[in-house]
Amino acid sequence: MKRARLAVLISGRGRNLGALQAAVRDGRIEAELVGVVSNRADAAGLAQAREAGLPVVVVPHADHASRAAFDEALAVALRALAPDIVALAGFMRILGEPFVREFEGRMLNIHPSLLPRHKGLDTHQRALEAGDAEHGATVHYVTPQLDGGPRVIQGRFSVRAHDDAQMLAARVMDEIELKIYPQAVAWMARGELRLEDGCAMLRGRPLREPLGLDDLEPGFR
Ligand code: GRF
């Protein structure tokens with residue numbers, strides 16, 4: 001079987017990108033990483049992509065007069081990579097419906113909260129202000145509803161009395177994001193994870209609730 005073509009979109013530090021790169025390198029994700037696309041030329045995460053010799057494409061959002069024009073430029077860049085999987089990894093632009101529809105079923109996002117709680121920005125601060133007992137991160141399919149697409153896997157932990165927003169951000173990244181995102185992309189690369197009629201399915205089983213940390217395969221724990 002032909003290996004899946006994986007494209008990753010970033011805007012920032014690229015720790016999730018680093019985890020995906022590592023999992024591709026050691027074969028846990030059976031895919032070819034065909035390119036990294038950023039809306040910011042100064043995204044720190046681009047350095048590791050360049051070091052690894054990956055094709056890097058920058059589509060600066062500021063160069064485009066409208067959201068639709070930016071989306072189209074981004075779509076042109078992505079089409080050239082012909083991806084089977086598009087992983088939004090800290091990609092901080094909202095994508096319009098035509099773009100999302102074009103890549104729907106192939107596109108995943110990772111969001112730093114226990115969706116459907118805390119869609120959007122400042123999730124760690126908002127979890128604290130809400131007095132949440134638990135916090136975490138979610139991998140979901142991207143649909144036109146912001147942070148609202150079918151959930152695939154979600155990792156959670158108990159919030160400690162002394163956790164501040166910065167500590168929560170670090171825990172979410174280290175304890176959850178860097179584990180669940182490579183796992184979800186690995187399932188997709190193997191063709192085990194699919195979106196059918198708006199429902200996420202793993203090996204033919206509908207995911208009415210997202211999978212959890214207990215479902216991680218040994219290589220991803
Ligand atoms: C992560 O918390 C991700 O969930 C959020 O932005 C952060 C990106 O970090 N959307 P990085 O660029 O992967 O280091």
Side-chain angles (χ1 to χ4, degrees), residues 6-25 29 33 35-52 54 56-61 74 85-95 99-100 103 107-128 132 134-143 145-157 159 163-186 188 210-213 216 220:
L6 168 64
V8 182
L9 271 58
I10 69 167
S11 301
R13 281 175 62 180
R15 286 158 295 175
N16 280 295
L17 167 63
L20 294 173
Q21 278 183 250
V24 167
R25 209 181 304 124
I29 294 178
L33 189 34
V36 175
V37 183
S38 174
N39 63 308
R40 304 179 58 110
D42 62 352
L46 292 177
Q48 62 192 326
R50 291 198 175 100
E51 255 163 55
L54 295 173
V56 166
V57 187
V58 177
V59 183
H61 60 269
L74 191 65
I85 305 173
V86 178
L88 307 186
F91 186 70
M92 302 305 283
R93 302 300 296 179
I94 293 175
L95 299 164
F99 181 95
V100 171
F103 296 98
M107 187 155 58
L108 295 174
N109 181 41
I110 186 152
H111 182 76
S113 80
L114 296 174
L115 289 173
R117 288 185 73 66
H118 311 308
K119 296 175 180 175
L121 298 174
D122 298 325
T123 56
H124 311 300
Q125 188 57 37
R126 285 159 61 208
L128 286 176
D132 291 358
E134 292 187 313
H135 188 44
T138 309
V139 176
H140 65 93
Y141 276 101
V142 179
T143 64
Q145 290 75 40
L146 179 68
D147 299 327
R151 296 168 301 163
V152 173
I153 183 168
Q154 185 165 72
R156 58 181 67 232
F157 55 68
V159 176
D163 278 328
D164 60 20
Q166 223 181 329
M167 288 159 84
L168 284 184
R171 292 184 69 195
V172 166
M173 179 61 67
D174 296 340
E175 297 175 29
I176 315 284
E177 294 194 41
L178 300 180
K179 298 177 181 178
I180 64 174
Y181 213 11
Q183 173 72 83
V185 173
M188 209 162 152
L211 297 158
L213 292 177
L216 291 174
F220 295 93

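These values consider heavy atoms only, across backbone and side chains, with no hydrogens, waters or symmetry-generated copies. Start at 1 and go down the list; that is how both ligands and their atoms are numbered.
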Please identify which of these residues, N109, V8, N16, meets the side chain to side chain contact (heavy atoms under 4.5 Å, CB included) condition with L88.
N109

Knowing that exactly one of V139, L17, I29, I153 qualifies, which makes a side chain to side chain contact (heavy atoms under 4.5 Å, CB included) with Y181?
V139

Taking F157's backbone N and O only, do any of them form a donor-acceptor pair with E175's side chain (distance below 3.5 Å, no angle check)?
no

Between T138 and Q154, is there a donor-acceptor pair closer than 3.5 Å when you use the side chain of the first and the backbone of the second?
no

Give every pair made of an N or O atom of ligand 1 and a protein N or O atom lying under 3.5 Å apart, one pair per line with both atom names and the distance to 0.1 Å, or write 'none'.
unit_1, atom_1, unit_2, atom_2, d
ligand 1, 2 (O), E177, OE1, 3.4
ligand 1, 2 (O), E177, OE2, 2.8
ligand 1, 4 (O), I110, O, 3.4
ligand 1, 4 (O), E177, OE1, 2.9
ligand 1, 4 (O), E177, OE2, 3.2
ligand 1, 9 (O), R15, NH2, 3.4
ligand 1, 12 (O), R13, N, 3.4
ligand 1, 12 (O), G14, N, 2.8
ligand 1, 13 (O), R15, N, 3.3
ligand 1, 13 (O), N16, N, 2.9
ligand 1, 13 (O), N16, ND2, 3.1
ligand 1, 14 (O), G14, N, 3.2
ligand 1, 14 (O), R15, N, 2.8
ligand 1, 14 (O), R15, NE, 2.7
ligand 1, 14 (O), R15, NH2, 3.2

Answer yes or no: is there a donor N or O on one side and an acceptor on the other, between the side chain of R156 and the main chain of G212, under 3.5 Å?
no

Look only at the side chain of R126 and the backbone of L121, and say whether a donor-acceptor pair between them is shorter than 3.5 Å.
yes

